[in-house]
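Working notes for the structure below.
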Amino acid sequence: MTLSHEEIRRRGDYRDLSIDGFDHETLKKLYYFMLRLRRCELALIDEYHPADEMRCPIHFCVGQEAVPASLSLLLKHDDYLFTHHRSHGYYLAKGAPMNELFAELYGKASGANGGKAGSQDISHPQSRVYGGAILAGALGIAVGAGFGIQLKNTSQIAVTGSGEAATEEGIFWEAINFASVKKLPVVFVCENNRYSTHSPQENRQPPGNISSRVAAFGVRTETLFGNDVIKVYAALKKAVERARAGEGPTFVEAFTYRWNGHVGPENDDHIGYRTADEIEFWKRNCPIALLERQLFDQGVLSQADKEKMSAEIDEEIADAFAFAKASPFPEDADWRRLNLSPSTPLADRLLKDDASAQFDQNQQYAIPGPY
Ligand SMILES: Cc1ncc(C[n+]2csc(CCOP(=O)(O)OP(=O)(O)O)c2C)c(N)n1
Ligand SMILES: [Mg+2]
């Protein structure tokens, strides 16, 4: 069945989210994570201007909370998560600390990467989550990690999150191909939010689901409405279990929508690339609201529970801002030690030696010869 943004809207407001049979603890955790991520992003948006103390571009993920929330419950500490520029949800999903995220956005030494990566390249190696601005680059790295896991024969898995535009990069298909051939323990999650910057998918790709094209490589696929966190959780759970059991990769295409502009807290709707109706539809069908309605209706959560959770989250956010603002900027000397990983000095030295040998060799060629 072909699912698309047009088809989702044609069907009208979503009424199929069902929490029947789901244990209440899991439901509350999913809800809490989404609320935490949403409030965190909204607080950053609020704070960005006019203070202008965060100086890095930020690709906010408001509206796209369901995938990270699901991953937050399914991944273990030893699993790897490689993601793209819209990174905050994935970062928090892997249990990386909020205060180091905020400090990173402020360019502070106490940030996850010493203030040198910013939002879109943020990583937290201790939590095994790695962001990256090179579109689809994360897939190649995830497949490499998956291959390593397979060779070591551990029960870990590698997960990679990307947008639908990642499929316009060659490495996307190389990664899918290799993962399929080697039956790697990799889960590919694609958050299809229709747009690459300001271009809709139908102007960039042929019709039909990305998952059908991926399935042609022999990879198992799932296509779903990505704002139904229960469906997303169930699909990713199956994918994670398959990967852990050595049954190979799965590709999950989750249709969702970003509320904010492509980048930065600024709105970019004045460009006219999307309609007010479309934005309103997706706001009405917000992943948090869809779950919340069911939780309230069925007595799993009350308005008072929500307020308690919000207060706790807001305290964490306030602490993260205070930590970021009070932290010092990196020292000049730190910039000379740009290698953030303590585990690669040998590789660095070999590369450096090789580069200087190459340089010497090139100098010889540069001297005019007899001919
Ligand atoms: C290799 C490469 N090409 C181009 C870009 C510029 N770029 C940054 S984000 C983006 C759009 C990405 O769209 P999508 O993958 O759908 O993710 P979304 O922003 O919608 O979450 C582009 C083209 C890049 N970062 N890397
Ligand atoms: Mg997109």
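Fair warning: this is a prediction, and the values are worked out from it, not measured in the lab.
- Glu41 contributes a side-chain N or O that, together with a main-chain N or O of Cys61, makes up a donor-acceptor pair within less than 3.5 Å.
- Checked against ring-ring contact (aromatic ring centres under 6.0 Å, His included), Phe255 has the following partners two or more places apart in sequence or in another chain: His5.
- Side chain to side chain, Thr256 and Asn193 fail the donor-acceptor criterion of an N or O pair below 3.5 Å.
- Using a 4.5 Å cut-off on side-chain heavy atoms (C-beta onward), Gln205 and Ile210 make contact.
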In residues 128-142, what donor-acceptor pairs under 3.5 Å come from side-chain atoms, sequence neighbours left out?
residue	atom	partner	partner atom	Å
Arg128	NH1	Asp78	O	3.4
Arg128	NH1	Tyr80	OH	3.1

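- A side-chain N or O of Thr26 and one of Asp23 form a donor-acceptor pair less than 3.5 Å apart.
- For the atom pair CG of Leu81 and OG of Ser127, the computed distance is 10.5 Å after rounding to the nearest 0.5 Å.
- Expressed to the nearest 0.5 Å, how far OG of Ser123 lies from CG of Asn113 amounts to 5.0 Å.
- Residues Tyr257 and Phe281 keep their aromatic ring centres 6.0 Å or farther apart.
- Defined by atom type and a distance below 3.5 Å, a donor-acceptor pair is present between the side-chain atoms of Asn192 and Glu253.
- Judged by distance alone, with hydrogens and angles left aside, the side-chain atoms of Ser87 form a donor-acceptor pair with the main-chain N or O of Ser119 at under 3.5 Å.
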task = Determine, stepwise, if the pair Glu168 / Arg204 fulfils salt bridge (charged side-chain N to carboxylate O under 4.0 Å, His left out).
result = CA-CA 8 Å; Glu168 290 148 40; Arg204 300 158 15 227; 2.8 Å; yes
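- In this structure, Phe60 and His88 have perpendicular ring planes: the angle between them is above 60°, well past the 30° mark.
- The backbone N or O of Glu7 sits less than 3.5 Å from a side-chain atom of Ser4, completing a donor-acceptor pair.
- Open room surrounds CD on Glu315; 12 or fewer heavy atoms of other groups in view lie less than 6.0 Å from it.
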inquiry  = Quick one, Lys116 with Glu104, criterion salt bridge (charged side-chain N to carboxylate O under 4.0 Å, His left out). Give me CA distance, side-chain angles, the key distance, then yes/no.
reply    = CA-CA 7 Å; Lys116 292 158 189 150; Glu104 188 60 34; over 6 Å; no
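- To the nearest 0.5 Å, atom CG of residue Leu291 and atom CG of residue Leu17 are 6.0 Å apart.
- Taking 4.5 Å as the limit, every side-chain heavy atom of Phe321 sits out of range of all side-chain heavy atoms of Met98.
- Seen from the ring of Phe329, Lys108 counts as a face-on cation partner, given the 6.0 Å and 45° thresholds.
- Distance alone, capped at 3.5 Å, is enough to place a donor-acceptor pair between the Thr154 side chain and the Gln156 backbone.
- Between Ser162 and Glu169 the shortest side-chain heavy-atom distance does not fall below 4.5 Å.
- Across Val229 and Ala69, no two heavy atoms sit closer than the pair CG2-CB, 4.5 Å.
- With sequence neighbours excluded, the residues satisfying ring-ring contact (aromatic ring centres under 6.0 Å, His included) with Phe178 are Phe147.
- One N or O on the side chain of Asn267 and one on the backbone of Asp269 form a donor-acceptor pair closer than 3.5 Å.
- Ion pairing between a basic and an acidic side chain is recognised when a charged N comes within 4.0 Å of a carboxylate O; Arg36 and Glu312 show no such pairing.
- Using a 3.5 Å distance cut-off with no hydrogens or angles, the side chains of Arg220 and Thr250 do not pair a donor with an acceptor.
- The shortest distance between side-chain heavy atoms of Ile288 and Glu65 falls below 4.5 Å.
- Between Glu222 and Lys231 there is no salt bridge, since no side-chain nitrogen of the basic residue lies less than 4.0 Å from a carboxylate oxygen of the acidic one.
- Panel note: side chain Arg258, backbone Val62; no donor-acceptor pair is recorded below 3.5 Å.
- With no hydrogens or angles considered, a side-chain donor-acceptor pair links Asp13 and Asn285 at under 3.5 Å.
- With Glu241 as the fixed residue, the salt bridge (Lys or Arg N to Asp or Glu O under 4.0 Å) test singles out one of Lys238, Lys237, Arg244: Lys237.
- Using a 30° and 60° split on the angle between ring planes, His59 and His262 fall in the perpendicular class, above 60°.
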message = Is there a salt bridge (charged side-chain N to carboxylate O under 4.0 Å, His left out) between Glu191 and Arg86? Walk through the geometry before answering.
response = CA-CA 10 Å; Glu191 289 185 273; Arg86 211 170 291 290; over 6 Å; no
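- In this structure the side chain of Tyr14 reaches within 4.5 angstrom of the side chain of Phe225, judged on heavy atoms.
- Side-chain N or O atoms of Thr167 include one that pairs as donor or acceptor with a backbone N or O of Glu164 at under 3.5 Å.
- Within the model, atoms CG of Leu27 and OH of Tyr233 stand 9.5 Å from one another, a figure rounded to the nearest 0.5 Å.
- Checked options Val219, Ile157, Thr221; the residue passing with Pro249 is Val219 (criterion: side chain to side chain contact (heavy atoms under 4.5 Å, CB included)).
- Checking side-chain atoms of Asp228 against main-chain N and O of Ile230 turns up a donor-acceptor pair under 3.5 Å.
- A salt bridge between Glu292 and Lys306 is present, with a side-chain N of the basic residue lying under 4.0 Å from a carboxylate O of the acidic one.
- A side-chain donor-acceptor contact under 3.5 Å links Lys94 to the backbone of Asp79.
- Residues Ser327 and Ser110 bring a donor and an acceptor atom of their side chains to less than 3.5 Å of each other.
- Remark: side-chain polar atoms of Asp305 are paired, donor with acceptor, to backbone N or O of Ser302 under 3.5 angstrom.
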